[in-house]
**Student:** 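Okay, here's the structure, questions in a sec.
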Amino acid sequence: MKLKRSFYLRPTLEVARDLLGKYLVHQTADKIYEGKIIETEAYVGPEDLACHAARGRTKRNEMMFGKGGFAYVYFIYGMYYCLNLTTEKEGFPAAVLIRALDYPKAHGPGRLCREFKITREAHNGLDLTGNVLWVEDRGEKPEIQSGKRIGVAYAGHCADWPWRFFVSDVARPSRP
DNA sequence: TGTTGGATCAACT
DNA sequence: GTTGATCCAACAC
């Protein structure tokens with residue numbers, strides 16, 4: 001079943017963990033994309049230097065300050081989009097980055113957006129309780145591991161926080 | 001108005 | 001292990 005708003009309004013680390021084993025679904029005009037979520041990362045609040053919201057509210061990260069249960073899509077390195085799902089209550093900036101899906105060529109945040117045709121223009125700010133982009137619970141309860149986040153070495157001590165979650169039985173979600 | 005660097009990936013050596 | 005592709009938001013003038 002489709003996850004309700006209340007799922008996203010809980011603490012971000014719980015949401016990041018619980019999203020593993022769920023299915024991301026993207027309905028387009030001519031096709032439905034769906035894949036199991038196998039890797040996520042949590043980005044929580046102004047004290048997390050790796051979080052875009054650590055530098056205050058801006059045009060780019062505005063979605064993270066809103067209510068949980070919306071898509072936050074941003075463009076990076078001139079070529080790639082990254083898909084995040086916002087969490088927690090309005091006014092508290094937090095989101096979960098979807099890093100990898102169990103879907104062909106979708107292991108990696110940039111690649112999954114390319115495969116799923118997710119763009120900032122079309123999907124940033126989308127309501128995840130709507131009927132374009134959402135997450136489904138199909139009753140799977142995978143073994144979960146956690147580790148350090150990827151590509152955030154600039155964030156100082158925050159880079160060591162074990163806020164990356166992945167499904168144990170996937171040998172290599174997106175990185176060794 | 002100009003500069004800079006990033007939550008990446010793939011193709012190299 | 002390193003590098004090029006390629007662009008927008010943030011910040012410094």
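Below, chains carry the letters A, B, ... as their sequence lines are ordered, and counting in each starts from 1.
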**Student:** In whole Å, what is the span from the CD atom of A:Glu41 to the C1' atom of B:dA7?
**Tutor:** 7 Å
**Student:** Using 4.0 Å as the upper bound for N to carboxylate O, is an ion pair formed by A:Glu39 and A:Arg164?
**Tutor:**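 Yes, charged N to carboxylate O under 4.0 Å.
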**Student:** Taking side chain to side chain contact (heavy atoms under 4.5 Å, CB included) as the criterion, tell me which of A:Leu3, A:Thr86, A:Val96 meets it with A:Tyr8.
**Tutor:** A:Leu3
**Student:** Separation of A:His107 atom NE2 from B:dA10 atom C1', in whole Å?
**Tutor:**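 So the two atoms are 11 Å apart, to the nearest Å.
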**Student:** Cation over ring, A:Arg138 on A:Tyr23, under 6.0 Å and within 45°?
**Tutor:** yes
**Student:** Give a yes-or-no answer on whether the side chains of A:His52 and A:Tyr72 include a donor-acceptor pair shorter than 3.5 Å.
**Tutor:** yes
**Student:** Could you point out which residue of A:His123, A:Glu34, A:Lys117 forms a side-chain hydrogen bond (donor to acceptor under 3.5 Å, both in side chains) with A:His26?
**Tutor:**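 Running side-chain hydrogen bond (donor to acceptor under 3.5 Å, both in side chains) over A:His123, A:Glu34, A:Lys117 with A:His26 returns exactly one hit, A:His123.
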**Student:** What is the per-nucleotide protein-contact pattern of nucleotides 1-9 of chain C, from the 5' end, where B denotes a base atom under 4.0 Å from a protein heavy atom, S denotes such proximity for sugar-phosphate atoms only, and - denotes neither?
**Tutor:** ----BBB-S
**Student:** Does B:dA7 have a Watson-Crick or wobble partner in any strand here, with both distances under 3.5 angstrom, and which is it?
**Tutor:** none
**Student:** Roughly how many Å is it from CZ in A:Arg111 to C1' in B:dT8, rounded to a whole number?
**Tutor:**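 Whole-Å distance recorded here is 11 Å.
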**Student:** Rounded to whole Å, how long is the line connecting atom CD1 of A:Ile98 with atom P of B:dT8?
**Tutor:**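 My rounded result for the distance is 14 Å.
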**Student:** Indicate the ring-plane relationship of A:Trp163 and A:Trp161, choosing parallel, tilted or perpendicular according to the 30° and 60° boundaries.
**Tutor:** tilted
**Student:** Give me the one residue out of A:Ile38, A:Asn84, A:Leu112, A:Val135 that meets side chain to side chain contact (heavy atoms under 4.5 Å, CB included) with A:Ile98.
**Tutor:** A:Leu112
**Student:** To the nearest angstrom, how far is A:Glu39 atom CD from B:dA7 atom C1'?
**Tutor:**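 Taking atom C1' of B:dA7 as the reference, CD of A:Glu39 is at 12 Å.
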**Student:** Answer with yes or no after comparing the ring centroid distance for A:Tyr103 and A:Phe116 against a 6.0 Å cut-off, counting only values under it.
**Tutor:**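 Ring-ring flag for A:Tyr103/A:Phe116: true, centres closer than 6.0 Å.
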**Student:** Return the polar atom pairs (N/O with N/O) between nucleotides 2-4 of chain B and the protein under 3.5 Å, or none.
**Tutor:**
none

**Student:** What's A:Arg149 touching, base or sugar-phosphate or nothing? Going by heavy atoms closer than 4.0 Å.
**Tutor:**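 Answer is nothing: A:Arg149 stays at 4.0 Å or more from every strand.
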**Student:** Between atom NE2 in A:His52 and atom P in C:dC11, what is the gap in whole Å?
**Tutor:** 12 Å
**Student:** For atom CD of A:Glu121, decide whether the heavy atoms of other residues, nucleotides or ligands shown that lie under 6.0 angstrom number more than 12.
**Tutor:**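 Buried by this count: over 12 neighbours within 6.0 Å.
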**Student:** Could you tell me how far apart A:Arg57 (CZ) and C:dA10 (P) are, to the nearest whole angstrom?
**Tutor:**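 It is 12 Å, rounded to the nearest whole Å.
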**Student:** Please check the phosphate of B:dT8 (OP1 and OP2 only) for any side-chain N or O of A:Arg99 closer than 4.0 Å.
**Tutor:** yes
**Student:** Tell me which nucleotide, if any, is Watson-Crick or G-U wobble paired with C:dT6 when both distances must be under 3.5 Å.
**Tutor:** none
